[in-house]
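To keep things clear, I will list the structure first and then write my remarks on it.
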Amino acid sequence: MHNLSRQGFPIILSAPSGAGKTSLCRKVVERHPEIVYSISVTSRPPRPNEKHGQDYHFVSAADFEKMLESDALVEWAMVHDNYYGTPRKDISGQLEQGRDVIMDIDTVGARSVKKTYPQAISIFVIPPSIEALKQRLMSRATDSDEVISKRLNKARLEMEQIGDFDYWLVNDDLNQAIDAVVAIIQAERRRLSRYNKDEIIKII
Ligand code: 5GP
């Protein structure tokens, strides 16, 4: 591919919690290491297998509020009684350098990112069924019954937001879901409006 300069674009993946989008994001980056994974900030306590600075930047609610006051976040949302947000400095710098940034955020955050970065693309990931979603949330064995039922209720509400998104896919087979996300990114990288047309004409 001819390496013409262009701005990077945010790739937003949203899905009900437990639909498997975090592993989907990770696998896409494994296959395409040139894509940057946006590490969110959260006031949620880490799960036993999670690492600070790798899965999330884990902070106190007070520190999160300080970040809000200093406008350090591109977007944020309160999800299941915890704060979640995307650090601004990480994203802007990467996009300016032409790197595409993938982010795993909820539907509220997706709308804010689209407003700030109109070049962003958004993909809604659908779990194979509510039953599968429940199984995944239960197999995590880290959340209480109350948290699981909150997440299932939010899942139903989030499904209703699908009309705000550009693309959708069902995550019933991880490899096929990865292929679909990669195909969408490849097509979006060919979008003419992302380039200077004069540079393209000069290719031949
Ligand atoms: P979990 O606690 O299961 O890791 O994530 C709960 C929800 O928060 C998921 O729907 C996830 O996409 C969302 N989330 C994670 N990081 C962010 C973020 O930076 N901003 C927003 N708006 N949502 C996020």
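It should be emphasised that the depicted structure is a prediction, and the values quoted were computed from it without experimental measurement. Indexing begins at 1, ligand by ligand and atom by atom, following the structure's order.
Taking 4.0 Å as the cut-off, M103 does not count as a neighbour of ligand 1 on heavy-atom distance.
Considering backbone and side-chain N/O atoms, V41 never comes within less than 3.5 Å of an N/O atom of ligand 1. Considering backbone and side-chain N/O atoms, E158 never comes within less than 3.5 Å of an N/O atom of ligand 1.
Judged by distance alone, with hydrogens and angles left aside, the side-chain atoms of R151 form no donor-acceptor pair with the main-chain N or O of L137 at under 3.5 Å. Listed for the S40 side chain is no donor-acceptor partner under 3.5 Å among the backbone atoms of Y84. Not a single donor-acceptor pair under 3.5 Å links the side chain of K150 to the backbone N or O of H80.
Protein heavy atom nearest atom 7 (C) of ligand 1, with residue, atom name and distance: V79 CG1, 3.7 Å. Considering only non-hydrogen protein atoms, atom 9 (C) of ligand 1 sits nearest to K21 NZ, 3.7 Å. For atom 2 (O) of ligand 1, the nearest non-hydrogen atom of the protein is Y84 OH, 2.5 Å. Looking only at heavy atoms of the protein, atom 16 (N) of ligand 1 is closest to S40 OG, 3.1 Å. Summary of contacts: the protein heavy atom closest to atom 5 (O) of ligand 1 is Y56 OH, 3.4 Å. Considering only non-hydrogen protein atoms, atom 12 (O) of ligand 1 sits nearest to D104 OD1, 2.8 Å. Nearest protein neighbour of atom 20 (N) of ligand 1, counting heavy atoms only, is E75 OE2, 2.7 Å.
Residues passing the side-chain contact (heavy atoms from CB on, under 4.5 Å) test with Q186 are H32, V182, R189, sequence neighbours excluded.
Contacts between R47 and ligand 1 below 4.0 angstrom, taking non-hydrogen atoms only, involve the side chain exclusively. Only the side chain of R151 comes within 4.0 Å of ligand 1, counting heavy atoms alone; its backbone N, CA, C and O stay farther away. If you look at T86 next to ligand 1, the close heavy atoms, those under 4.0 Å, come from the backbone and the side chain alike.
The residue among V147, D106, I105 with a heavy atom at the shortest distance from atom 22 (N) of ligand 1 is D106.
Atoms of ligand 1 found under 4.0 Å from any heavy atom of G109, numbered from 1 in the order shown, are 22 (N). Residue contact check: R44 has heavy atoms under 4.0 Å from atoms 1 (P), 2 (O), 4 (O) of ligand 1.
For R47, the CZ atom sits in a packed shell: over 12 heavy atoms of surrounding residues, nucleotides or ligands are nearer than 6.0 Å. Within 6.0 Å of CD on Q54 lie more than 12 heavy atoms contributed by other residues, nucleotides or ligands.
If you check the side chains of T22 and D104, you find a donor sitting under 3.5 Å from an acceptor.
Using a 4.5 Å heavy-atom threshold, the side chains of P45 and F58 count as separate. The shortest distance between side-chain heavy atoms of W76 and V108 does not fall below 4.5 Å.
For the pair R44 and Y83, the cation-pi test (distance below 6.0 Å, angle within 45°) is failed.
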